[in-house]
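Side chains are part of it too, since the values below use all heavy atoms of this structure and drop only hydrogens, waters and symmetry mates. Computed from a prediction, not measured in an experiment: that's the story for all the values here.
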Amino acid sequence: SPQEKGSTFLQLGSSTEQQLQVIFEVLEEYDWTAFAVVTTLFPGYEDFVDYIEVLTDSSFIGWEHRGGLTLNLTDDPEGTRLRRQLREVSAQIRLLYCSREEAEAIFRAARDAGLAGPGYIWFVVGTNLGGSEQLPEH
């Protein structure tokens, strides 16, 4: 179960669709069927959301899509609104689509809100996240 695992950060270098296909194979393998979708307004986020619907609607797995959250990171320098919004997401599995810079702010807020430790699993998808040697320490 997600509680037994540490916070997991999966990053792949292929297209959004291929990344999502692999992520859903992992979710299926571990029987992690409940998930939430978190995006920013980063270009392509609508396609990301649409493709998740395609993958889950056409599947025989009983996926439990626990809602989506679209974050607007402007005018929130302290991350107060961001922490509140992230806390409103009930699923422990979170599929995140954003830019590399946004990922840093989101994970800082998630850590501050207690949402980045054991029991929370984040899958990060994006077209410009860069290599794993550049990941933020949290």
Side-chain angles (χ1 to χ4, degrees):
S1 82
Q3 284 93 342
E4 286 141 30
K5 307 257 186 276
S7 186
T8 305
F9 191 108
L10 179 65
Q11 183 177 311
L12 306 158
S14 50
S15 77
T16 301
E17 288 88 352
Q18 288 171 312
Q19 290 179 57
L20 281 171
Q21 286 167 4
V22 171
I23 286 167
F24 274 91
E25 286 174 16
V26 172
L27 295 180
E28 182 182 338
E29 180 72 26
Y30 286 95
D31 202 26
W32 293 336
T33 53
F35 65 91
V37 176
V38 180
T39 71
T40 61
L41 299 171
F42 187 63
Y45 79 95
E46 294 112 326
D47 297 332
F48 177 77
V49 172
D50 290 346
Y51 194 66
I52 287 173
E53 279 188 33
V54 168
L55 282 175
T56 54
D57 288 352
S58 62
S59 170
F60 62 90
I61 306 279
W63 296 110
E64 190 184 333
H65 190 320
R66 293 216 187 145
L69 175 62
T70 303
L71 303 168
N72 185 344
L73 301 188
T74 56
D75 306 325
D76 188 24
E78 303 300 312
T80 311
R81 183 178 65 216
L82 183 52
R83 286 192 298 276
R84 189 189 72 239
Q85 288 179 301
L86 291 174
R87 278 194 203 100
E88 289 168 4
V89 177
S90 66
Q92 293 171 296
I93 310 286
R94 290 139 188 258
L95 310 183
L96 173 63
Y97 179 86
C98 64
S99 74
R100 160 140 191 78
E101 295 71 31
E102 291 168 334
E104 296 218 16
I106 290 166
F107 277 102
R108 194 160 42 245
R111 190 192 55 201
D112 293 346
L115 304 171
Y120 292 92
I121 298 166
W122 294 78
F123 290 91
V124 186
V125 178
T127 52
N128 65 342
L129 289 171
S132 56
E133 73 281 353
Q134 303 170 325
L135 290 180
E137 86 285 354
H138 50 271

How long is the span from the [atom1] atom in [X] to the [atom2] atom in [Y], to the nearest 0.5 Å?
X	Y	atom1	atom2	value
Thr39	Leu71	OG1	CG	6.5 Å
Arg81	Asp75	CZ	CG	6.5 Å
Phe48	Leu20	CZ	CG	5.0 Å
Ser15	Gln21	OG	CD	7.5 Å

Taking every non-hydrogen atom, the tightest pair across [X] and [Y]:
X	Y	answer
Ala109	Leu86	CB-CD1, 4.1 Å
Leu55	Phe24	CD1-CD1, 3.6 Å
Trp32	Ile121	CH2-CD1, 3.4 Å
Phe60	Glu28	CZ-OE2, 4.4 Å
Ser90	Arg66	OG-CD, 3.2 Å
Ala110	Trp122	CB-CZ2, 3.7 Å

Donor-acceptor check, side chain of [X] to backbone of [Y], threshold 3.5 angstrom: yes or no?
X	Y	value
Tyr45	Val38	no
Gln92	Gly119	yes
Arg94	Leu115	no
Arg83	Glu78	yes
Asp50	Val54	no

Are more than 12 heavy atoms, taken from residues, nucleotides or ligands other than Glu29, located less than 6.0 Å from that residue's CD atom? no

Test Ile93 against Leu27 for side-chain contact (heavy atoms from CB on, under 4.5 Å), laying out the working first. CA-CA 9 Å; Ile93 310 286; Leu27 295 180; 3.6 Å; yes

Before you tell me yes or no, could you show the steps for Arg108 and Asp112 under side-chain contact (heavy atoms from CB on, under 4.5 Å), namely the whole-Å CA-CA distance, both residues' side-chain angles and the distance that decides it to 0.1 Å? CA-CA 6 Å; Arg108 194 160 42 245; Asp112 293 346; 4.3 Å; yes

Would Glu101 and Leu73 satisfy side-chain contact (heavy atoms from CB on, under 4.5 Å), going step by step from the backbone distance to the final call? CA-CA 11 Å; Glu101 295 71 31; Leu73 301 188; over 6 Å; no

Is there a side-chain contact (heavy atoms from CB on, under 4.5 Å) between Thr16 and Tyr51? Walk through the geometry before answering. CA-CA 9 Å; Thr16 301; Tyr51 194 66; 6.0 Å; no

Side-chain touch Thr33/Ile61, heavy atoms, less than 4.5 angstrom: yes

Pairwise side-chain contact, Ile106 with Thr40, heavy-atom cut-off 4.5 Å (strictly under): yes

Could you tell me if Tyr97 and Glu102 have a donor-acceptor pair between their side chains, going purely by distance under 3.5 Å? no

